[in-house]
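The basis for the numbers below is simple: all heavy atoms, side chains too, and nothing from hydrogens, waters or symmetry mates. Nothing fancy with the numbering, it's 1 onward along the sequence. Note that the structure is predicted; figures quoted are calculated from it, not measured.
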Amino acid sequence: MKEFVISEVKAETAVLVGLITQQQDEAKTKEYLDELEFLADTAGAVTVKRFTQKVQGPSQVTYVGKGKLEEIRQYIKEKEDDDEPVGMVIFDDELTAKQIRNIEAELKVKILDRTSLILDIFAMRAQTAEAKTQVELAQYRYMLPRLQRLWTHLERQGGGSGSGGGKGSVGLRGPGETQLEMDRRIILHRITLLKQRLEEIDRQKTTQRKNRGRLIRVALVGYTNVGKSTMMNLLAKSDVFAENKLFATLDTTVRKMVIDNLPFLLADTVGFIRKLPTDLVDSFKSTLDEVREADLLVHVVDISHPDFEEQISIVEKTLADLGCAEKPLMLVFNKIDAYTWTPQDDDDLTPPTKENVSLEDLTRTWMAKMQGDCLFISAKQKENVDELREVLYRRVRELHVQKYPYNDFLYNIEEE
């Protein structure tokens, strides 16, 4: 009897490439590559090596210099000789069609950039018809200017007619449309259909929002993987999917929530990330409308992240791009249970670094800066959740009284 050998499926291996420039020092590049590795892990790839290069700026031809590209090629060849082939090379910035084509010709492996990796994760995470449509639209928009590299094996049709014709025109005379032009026309047609579908979904969503009654809308916003979905599950007792991966939530979830005598709507939104592709922002317009139409934004921050202050700046910039910079906002620092710091020695006279600041010092600093609209919690360990509910109640009640002064929701609890 023939025996079947069941072999374990190996995860794809990846090599990461980033640049150290005047605008992006070595520490910043390391942090960006850490995030890129987390993205690769979320997509199902295992990072085996990182390459960085100090340059003035990315090369227009191959992103990195020729010497660094040759170094990467030698590493890939060595791994292949050791029967440990590298599946892909991922670059930390968005690549042009020319750069991708030149790098592929040199390295002979799959080439991805940060944008295509994020799009791949979005495609994997999309569950609803709306999210799938949004992701497909973003993918086509990304693909359109890079079409030429997909058809390098096909020459353009030769010009001329009759017996002379143009050079290489034999066997190519016909309708006069190349495969590249046909694909571009098909994709443009598909983009038009997807836009129409999203407009229809957007109209349906707008109708749903109008039918929600006279309730204050609160939206959880923040960087990806800061714990928004965990907080949503804790506050609204819902069952939103939460995982320690980037972009675990793509579809906006809205739940009705009641604190004491006050009902309001709480929405969990897609997380932001640095270098977020503009095509994704445009495609997820209807999802981000929950942020635009919210009365109060709850900005959730992962305080255990070593560079949470930059993440705050990125979210604030994204909110400004969405036209939401002036909305009422409260800051919630999550994951205080995971915060670590190193006390500075008594005889150390150098200025303290970020690693030397205690949670108590951070609390005093940010509470003073935000004038009280700032909380420190752990959604996972349920620390300071009662305080969060109290502040949320106070802020929502203030907005409710201003917006709906004659609404009868706010009955007196004592009288009741």
Side-chain angles (χ1 to χ4, degrees), residues 12-41 43 45-82 84-121 138-156 178-180 183-184 187 273-280:
E12 274 194 283
T13 54
V15 168
L16 309 184
V17 182
L19 295 180
I20 301 169
T21 63
Q22 291 180 341
Q23 295 76 29
Q24 186 173 297
D25 60 19
E26 191 170 350
K28 188 69 66 181
T29 300
K30 179 185 179 301
E31 185 196 329
Y32 285 5
L33 289 179
D34 286 343
E35 186 172 85
L36 191 65
E37 182 173 343
F38 200 179
L39 283 166
D41 177 62
V46 177
T47 301
V48 293
K49 180 76 172 176
R50 294 181 179 187
F51 288 92
T52 58
Q53 184 179 29
K54 289 185 179 180
V55 290
Q56 291 292 325
S59 164
Q60 299 296 317
V61 181
T62 53
Y63 184 74
V64 292
K66 290 182 179 179
K68 182 60 65 173
L69 196 65
E70 175 62 23
E71 185 183 337
I72 298 170
R73 192 185 71 80
Q74 285 295 335
Y75 175 81
I76 293 172
K77 185 177 183 302
E78 289 171 8
K79 297 295 286 185
E80 192 171 342
D81 293 341
D82 295 339
E84 297 176 354
V86 173
M88 66 188 83
V89 178
I90 307 174
F91 291 79
D92 190 44
D93 292 296
E94 188 168 314
L95 301 176
T96 64
K98 179 181 179 181
Q99 288 172 328
I100 294 174
R101 187 170 62 251
N102 292 333
I103 295 168
E104 272 186 348
E106 186 69 24
L107 301 183
K108 304 290 192 298
V109 294
K110 182 165 56 178
I111 303 301
L112 296 177
D113 58 15
R114 189 183 185 90
T115 301
S116 57
L117 185 60
I118 291 174
L119 286 171
D120 187 69
I121 295 170
Q139 286 176 323
Y140 277 131
R141 281 174 163 168
Y142 172 81
M143 189 190 302
L144 192 59
R146 295 165 178 81
L147 262 184
Q148 63 188 71
R149 74 183 187 94
L150 301 177
W151 295 102
T152 51
H153 62 290
L154 292 175
E155 294 291 335
R156 286 187 172 273
T178 64
Q179 183 68 54
L180 174 63
D183 280 355
R184 183 175 284 121
I187 287 180
I273 196 170
R274 64 171 64 92
K275 303 179 185 178
L276 187 67
T278 52
D279 287 343
L280 275 177

Shortest non-hydrogen separation from [X] to [Y] and the atoms involved:
{"X": "Q24", "Y": "T29", "value": "NE2-OG1, 3.2 Å"}
{"X": "Q53", "Y": "G65", "value": "OE1-N, 2.9 Å"}
{"X": "A40", "Y": "I90", "value": "CB-CD1, 4.1 Å"}
{"X": "D113", "Y": "D93", "value": "CB-O, 3.1 Å"}
{"X": "L112", "Y": "L95", "value": "O-CD1, 4.5 Å"}
{"X": "V89", "Y": "L107", "value": "CG2-CD1, 4.0 Å"}

By ring-ring contact (aromatic ring centres under 6.0 Å, His included) - contacts of Y32 (at least two apart):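 Checked Y32 against ring-ring contact (aromatic ring centres under 6.0 Å, His included); zero matches.
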
Any chance CD of Q56 has more than 12 other-residue heavy atoms, nucleotides or ligands included, within less than 6.0 Å?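 No, because the 6.0 Å sphere around CD of Q56 holds 12 heavy atoms or fewer from other groups.
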
Apply side-chain hydrogen bond (donor to acceptor under 3.5 Å, both in side chains) to Q22 and list each qualifying residue two or more places apart in sequence or on a separate chain.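 Once residues adjacent in sequence are excluded, Q22 has no partner under the side-chain hydrogen bond (donor to acceptor under 3.5 Å, both in side chains) criterion.
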
Among residues at least two apart in sequence or on other chains, which ones pass side-chain hydrogen bond (donor to acceptor under 3.5 Å, both in side chains) with K66?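 Applying side-chain hydrogen bond (donor to acceptor under 3.5 Å, both in side chains) to K66 gives none.
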
About how many Å separate [atom2] of [Y] and [atom1] of [X], when rounded to the nearest 0.5 Å?
{"X": "Q60", "Y": "N102", "atom1": "CD", "atom2": "CG", "result": "11.5 Å"}
{"X": "L36", "Y": "L16", "atom1": "CG", "atom2": "CG", "result": "5.0 Å"}
{"X": "Y140", "Y": "L119", "atom1": "OH", "atom2": "CG", "result": "13.0 Å"}
{"X": "I273", "Y": "F38", "atom1": "CD1", "atom2": "CZ", "result": "9.5 Å"}
{"X": "I76", "Y": "E84", "atom1": "CD1", "atom2": "CD", "result": "14.0 Å"}

Quick check: do [X] and [Y] have side-chain heavy atoms less than 4.5 Å from each other?
{"X": "D92", "Y": "L33", "answer": "yes"}
{"X": "F51", "Y": "V64", "answer": "no"}
{"X": "T115", "Y": "I118", "answer": "no"}
{"X": "E106", "Y": "E70", "answer": "yes"}
{"X": "I72", "Y": "I103", "answer": "no"}
{"X": "E104", "Y": "R101", "answer": "no"}
{"X": "M88", "Y": "V109", "answer": "no"}
{"X": "K108", "Y": "E80", "answer": "no"}

With distance as the sole test, does T13 use its side chain to make a donor-acceptor pair with the main-chain N or O of G87 at under 3.5 Å?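 Flag set: sc T13 to bb G87 pair under 3.5 Å.
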
May I ask you to say whether K68 pairs ionically with E71, meaning some side-chain N is under 4.0 Å from a carboxylate O?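 Between E71 and K68 there is a salt bridge, with a charged N closer than 4.0 Å to a carboxylate O.
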
Among K30, K49, R50, R114, find the residue that satisfies the salt bridge (charged side-chain N to carboxylate O under 4.0 Å, His left out) test when tested with E37.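 Option passing the salt bridge (charged side-chain N to carboxylate O under 4.0 Å, His left out) with E37: R50.
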
